[in-house]
Amino acid sequence: MEAEEFKDQQLQLSEASPKSAEYQALLRAGPRLRLLQQVHAHLVVSGSHRSKALLTKLLTFACAAGAISYTRRIFSCVFNPDSFLFNSLIKASSKFGFPLDTVFFYRRMLLSGISPSSYTFTSVIKACAELSVLRVGRGIHSHVLVSGYGSNAFVQSALVTFYSKSSDLGVARKLFDKMQDRTVVAWNSMISGYEQNGHAKEAIVLFNRMLELYVNPDSTTFVCVLAACSQLGEVRLGCWVHDCIVSNGIHVNVILGTSLINMFSRCGNVSKAREVFDSMNERNVIVWTAMISGYGMHGHGSQAMELFHQLKACGSCPNNVTFVAVLSACAHAGLVHEGRQAFASMRQEYGLLPGVEHHVAMVDLLGRAGFLNEAYQFIKGLKHGELVPPVWTAMLGACKMHKNFDLGVEVAEHLLSVEPENPGHYVMLSNIYASAGRMDRVELVRNMMIQRGIRKQVGYSTIDVKNKTYLFSMGDKTHPETNEIYEYLDELISRCKEAGYAPESESVMHELEEEEREYALRYHSEKLAIAFGLMKTNHGMTIRIIKNLRMCEDCHSAIKFISVVTSREIIIRDKLRFHHFKNGSCSCMDFW
DNA sequence: ATAGGGTTAG
């Protein structure tokens with residue numbers, strides 16, 4: 001007996017060594033397609049291509065190499081794939097960005113009669129989350145329940161993310177609430193779900209709940225919370241998180257650093273963002289891009305360009321997103337020459353193909369600076385497929401800014417015909433007509449909107465006073481101190497008029513009657529918020545406002561005067577960027 | 001002999 005066993009072992013060893021050599025060859029090849037194909041050829045020649053173990057490794061590497069069609073081809077030749085092979089493939093395809101294949105392999109696995117495990121489910125659910133396919137994901141959720149993995153913490157977290165990404169926050173929250181073992185990852189999934197769907201307030205509420213229950217947040221939690229702070233302009237919580245990170249000695253990795261830089265920039269403190277940037281010991285292109293776009297938002301074009309040059313000097317490669325940030329920084333600072341150069345270098349130096357965002361940024365850059373003809377020529381030079389609405393929208397913005405009536409109307413009418421459901425186009429067209437004094441046309445556009453049931457977005461502004469957030473919208477009278485606020489604002493506007501402010505009625509939205517115009521202009525949400533802020537804060541304190549839309553020209557000009565007559569610094573974050581008003585001028589230098 | 005997780009960025 002003993003001799004028999006010994007012989008068996010000998011046999012196995014002698015058989016194992018050549019195969020092991022091939023396994024080693026696979027490991028050496030790694031996720032590199034050419035090398036993998038060479039090893040594959042050897043496997044076929046030596047007849048060992050039937051080994052499931054080797055095939056599994058080969059397929060995983062092929063997937064990691066991004067060679068998905070090669071992976072599919074080999075898979076289709078595998079006879080009787082086993083659970084190892086399926087699980088490896090499902091995991092690899094999900095991890096390396098082929099979610100459709102993940103779902104395909106999962107189905108094939110079920111068809112082969114192999115039971116999925118909790119590991120299988122986490123990968124498949126992740127793939128469904130990426131695809132946001134509610135129907136498929138629900139089906140898999142029911143497989144989870146029948147297979148008895150409904151209370152597996154890993155699977156549950158994946159499901160919470162899946163439902164969040166499929167915009168079914170209600171179901172995500174129900175699942176989350178039902179979990180008996182809520183790991184920090186589960187909390188992160190739910191907080192991130194709220195944040196990604198624009199419910200930053202709920203994200204913060206949940207974060208506070210987590211702290212109340214003594215669950216320790218980790219760096220991922222902070223990343224999600226910082227993103228929520230960025231949305232809301234919540235400097236206080238943002239700073240608290242930053243302090244927490246510093247005092248607990250939490251390592252600021254590239255992701256956390258990017259979130260901090262973004263939070264400080266979007267909350268108006270770009271120099272603090274720079275401090276974080278400087279303190280990081282590891283930076284990738286995303287970190288650099290975040291900092292460049294931070295400068296861009298604040299109109300600090302030269303700092304943005306300086307950073308861009310430093311990025312190139314240290315050997316890193318800017319990518320498509322970096323160029324969007326650079327071009328937009330140039331546009332907001334009037335750096336036309338630098339922007340043109342950067343755009344040209346995209347293709348010439350980095351082999352990057354400009355996309356829609358870059359075309360939009362170029363039209364914006366040229367248009368804002370007043371080179372309307374050049375912007376128009378640029379558009380004409382684009383291919384047919386590149387002539388998408390956002391490019392025309394940028395052109396329209398330029399026409400409106402520089403009061404080019406004829407071209408503006410032409411562009412707006414084109415936009416209305418291709419995107420009749422976009423309220424922004426109607427508002428723009430109407431404003432252009434209004435500024436040309438064509439009130440009959442204004443009326444026409446207004447009727448068109450009513451007829452088509454299109455409503456413009458409601459603008460609102462928020463301001464924090466004594467740790468409370470107050471929200472104002474145009475003509476809003478819900479605030480308990482409405483009368484005082486309106487009286488204060490009226491007086492303020494009179495003082496501004498004495499100082500030379502002239503209201504620009506063209507900025508008034510067209511759905512209002514003639515006599516309502518001056519009224520509406522006077523009570524735009526940002527003006528109400530500023531009046532409230534001035535009333536409630538001490539002299540010398542900076543007023544900070546966040547607005548959901550872009551500011552109108554009239555508010556922009558009025559606030560310059562307000563900054564003079566009250567000698568206050570006023571900082572407004574609008575949809576696109578920051579405006580720092582001080583001593584009668586704005587940091588945007590009217591390039592907005 | 002093979003695989004082993006869910007959450008996070010510009």
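Bear in mind the structure is a predicted one, so any value in this text is a computation, not a measurement. Below, chain A is the first sequence line, B the second, and so on; all start at residue 1. Note that these values count all heavy atoms, side chains included, but never hydrogens, waters or copies made by symmetry.
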Residue list, side-chain hydrogen bond (donor to acceptor under 3.5 Å, both in side chains) with A:Ser151, at least two apart or on another chain: none
NZ or CZ of A:Arg32 within 45° of A:Phe61 ring axis and under 6.0 Å: no
Would you mind reading off the distance between [X] atom [atom1] and [N] atom [atom2], rounded to a whole angstrom?
X        : N      : atom1 : atom2 : value
A:Gln156 : B:dG5  : CD    : C1'   : 14 Å
A:Leu327 : B:dG10 : CG    : C1'   : 15 Å
A:Met291 : B:dG10 : CE    : P     : 14 Å
A:Met179 : B:dG6  : CE    : C1'   : 9 Å
A:Phe264 : B:dA9  : CZ    : C1'   : 16 Å
A:Met210 : B:dT8  : CE    : P     : 14 Å
A:Ile191 : B:dT7  : CD1   : P     : 15 Å
A:Leu55  : B:dA3  : CG    : P     : 13 Å

Closer than 4.0 Å, any side-chain N/O of [X] to the OP1 or OP2 of [N]?
X        : N      : answer
A:Lys95  : B:dG5  : no
A:Lys57  : B:dA3  : yes
A:Thr258 : B:dG10 : no
A:Asn262 : B:dG10 : yes

[options]: which one has an atom nearest the side-chain heavy atoms of [X]?
X        : options              : value
A:Asn319 : B:dT7, B:dA3, B:dG10 : B:dG10
A:Thr322 : B:dA3, B:dT8, B:dG10 : B:dG10
A:Val155 : B:dG5, B:dG10, B:dA3 : B:dG5
A:Lys126 : B:dG6, B:dG10, B:dT8 : B:dG6
A:Ser118 : B:dA3, B:dT8, B:dG5  : B:dG5
A:Asn152 : B:dG5, B:dA1, B:dG10 : B:dG5
A:Asp218 : B:dA9, B:dT7, B:dT2  : B:dT7
A:Ser192 : B:dT8, B:dG5, B:dA3  : B:dT8
A:Val285 : B:dT8, B:dG10, B:dA3 : B:dG10

Students often get this wrong, so: under 4.0 angstrom with heavy atoms, is [X] touching a base, only sugar-phosphate, or nothing?
X        : answer
A:Ala153 : base
A:Thr183 : base
A:Ser117 : base
A:Gln196 : sugar-phosphate
A:Ser123 : nothing
A:Val324 : nothing

Under 3.5 Å donor-acceptor pair, A:Ser157 side-chain atoms to B:dG6 base atoms: yes
Base of B:dT8 paired with side chain of A:Thr220 (donor-acceptor, under 3.5 Å): yes
Report yes if the distance between the aromatic ring centroids of [X] and [Y] is under 6.0 Å, otherwise no.
X        : Y        : result
A:Phe162 : A:His141 : no
A:His49  : A:His40  : no
A:Tyr106 : A:Phe86  : no
A:Trp288 : A:Phe308 : no

Pairs touching residues 219-247 of chain A that satisfy side chain to side chain donor-acceptor pair (under 3.5 Å), sequence neighbours left out: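 Residue pairs passing side chain to side chain donor-acceptor pair (under 3.5 Å), neighbours aside: A:Asn188-A:Thr221, A:Glu195-A:Gln231, A:Asp218-A:Thr221, A:Arg236-A:Asn467.
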Ring-on-base stacking B:dG5 with A:Phe154 (under 5.5 Å, under 30°): yes
